Amino acid sequence: MRTQDSAPEAGEEGSPGSSDGRSGAGRSSVDVRTLTRVLFERLSELPPGTPERERVRAALIEINIPLVRYAATRFRSRNEPMEDIVQVGTIGLINAIDRFDPTRGVQFPTYALPTILGEIKRYFRDNVRTMHVPRRLQELWVQVSGAMEELTVAHGRAPKVPEIAANLRIPEEDVRACLDAGRAYNAASLEAAQEHEGGLALLDRLGYEDSALADVEHRDMVRHLLVQLPERERRIIMLRFFANLTQSQISIELGMSQMHVSRLLSRILTRLRTGNSWEE
């Protein structure tokens, strides 16, 4: 299970859509953290309301959107569109950017993640609640959730009920009632009930559909077509797509021109795509 500091960020290696193992922007997660720190330093130097400050703020939002998507995946079992959850989480990201103080020595993802999660949870509490909760507890829950975010950042861990009660100067019984009310926004609350225990969510313990099953038939078809190829053509395919050799390397390996390899490869792929048997 990843920690807050290990939440994926823009430009992390191996991200979808990346080339040669890196993101399209070619930045590692360390680079993004460095860029975030530099942008916050620049933001602190700019007066409010200036166009330059707005551009720097917008850049901070853009490069940290992957943190919002990471937080949103924790609510993927809810019957809500993921993009809607991301939009709500982005509000939390913006609030975190506006409130963040780099001089406190806390990494921005560590500070921002509880704020993003809190914004998403408030969205479900206020808009998707399936159980009736007294208004008094709903209003008190806003204070409790805010205190939880602050104490999480201050202590680096989830706060305990007595700590929340002391922070807000309210009875511990009220805090416990608010925590129960906060988990009442969705009937499928077994997942939420395990979050504060540090264990896996129920969804993570259940089986899931293996997306690779859809490829079994395709692999069987490709295998059937490959065995019909003559030895040389089959070897070209193996060298190109299984050994990851370039056409130039294959030409050296087989002792033929690169142009000839290119023509043969094009011909082989055409046959495989159409599913036709090989014809010399």
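Computed over heavy atoms, backbone and side chain alike; hydrogens, waters and symmetry mates excluded. In this text the structure is predicted, and so the values were computed from the model without any measurement.
A heavy-atom distance below 4.5 Å is not found between the side chains of L35 and D31. Considering only heavy atoms from C-beta on, Q107 comes within 4.5 Å of T110 through its side chain. Considering only heavy atoms from C-beta on, L140 stays 4.5 Å or farther from V175 through its side chain. The side-chain heavy atoms of I91 and Y123, taken from C-beta on, include no pair separated by under 4.5 Å. Side-chain contact between E163 and H155 is present, with at least one heavy-atom pair separated by less than 4.5 Å.
Between T115 and E149 the shortest heavy-atom distance is CA-OE1, 3.8 Å. Nearest heavy-atom pair, G89 versus V68, reported as atom, atom and distance to 0.1 Å: C-CG1, 3.6 Å. The nearest pair of heavy atoms linking V261 to I250 is CG1-CG2, 3.9 Å. Looking at every heavy atom in both residues, F75 comes nearest to I85 through O-CD1, 3.8 Å. A pairwise comparison of heavy atoms in A112 and L67 identifies CB-CD2, 3.9 Å as the closest pair. Closest approach of P114 to T152, counting heavy atoms only: CG-CG2, 4.1 Å.
Atom CD of E233 sits about 5.0 Å away from atom CD1 of I268, to the nearest 0.5 Å. Atom CD1 of I61 is separated from atom CD1 of I97 by 5.0 Å, given to the nearest 0.5 angstrom. Atoms CG and OG, on L245 and S251 in that order, are 10.0 Å from each other to the nearest 0.5 Å. Residue M148 holds its CE atom at 6.0 Å from NZ of K121, rounded to the nearest 0.5 Å. Rounding to the nearest 0.5 Å places CG of N95 at 10.0 Å from CD1 of I116. Distance check: M259 CE to Q247 CD gives 9.5 Å after rounding to the nearest 0.5 Å.
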### Message
Determine whether L254 and L239 satisfy the following criterion, side-chain contact (heavy atoms from CB on, under 4.5 Å), listing intermediate values before the conclusion.
### Response
CA-CA 10 Å; L254 300 182; L239 290 174; 4.3 Å; yes
### Message
Apply side-chain contact (heavy atoms from CB on, under 4.5 Å) to residues T90 and E119 and explain how you reach the verdict.
### Response
CA-CA 9 Å; T90 303; E119 194 68 38; over 6 Å; no
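For R55, the side chain to side chain donor-acceptor pair (under 3.5 Å) partners at least two apart in sequence or on another chain are E52. Residues satisfying the side chain to side chain donor-acceptor pair (under 3.5 Å) criterion with D174, sequence neighbours excluded, are R136.
Ring geometry, F108 versus F100: the interplanar angle exceeds 60°, so the pair is classed perpendicular (tilted spans 30 to 60°).
Under the side chain to side chain contact (heavy atoms under 4.5 Å, CB included) test applied with L60, the options I94, L93, T36 reduce to a single match, T36.
Sequence neighbours left out, the pairs with a member in residues 89-106 that pass salt bridge (charged side-chain N to carboxylate O under 4.0 Å, His left out) are R57-D98.
One hydrophobic cluster, built from ILVMFWY side chains closer than 4.5 Å, cannot hold both M238 and I252; they sit in different ones. A single hydrophobic cluster is seen to contain both L264 and L269, as judged by linkage of ILVMFWY side chains at heavy-atom distances under 4.5 Å, directly or through other members. Linking ILVMFWY side-chain heavy atoms closer than 4.5 Å, directly or via other members, places V38 and V106 in two distinct hydrophobic clusters.
For R235 and E253, the salt-bridge test passes: some basic side-chain N is under 4.0 Å from an acidic carboxylate O.
When atom types are taken as modelled, the side chain of R53 and the backbone of L46 share a donor-acceptor pair closer than 3.5 angstrom. The closest donor-acceptor contact from the side chain of S262 to the backbone of Q258 lies at 3.5 Å or more, if one exists at all. When atom types are taken as modelled, the side chain of T73 and the backbone of Y70 share a donor-acceptor pair closer than 3.5 angstrom.
Within a 6.0 Å sphere centred on CD of E231, other residues, nucleotides and ligands contribute 12 heavy atoms or fewer. When the shell of 6.0 Å around CZ of R234 is examined, it contains more than 12 heavy atoms from other residues, nucleotides or ligands.
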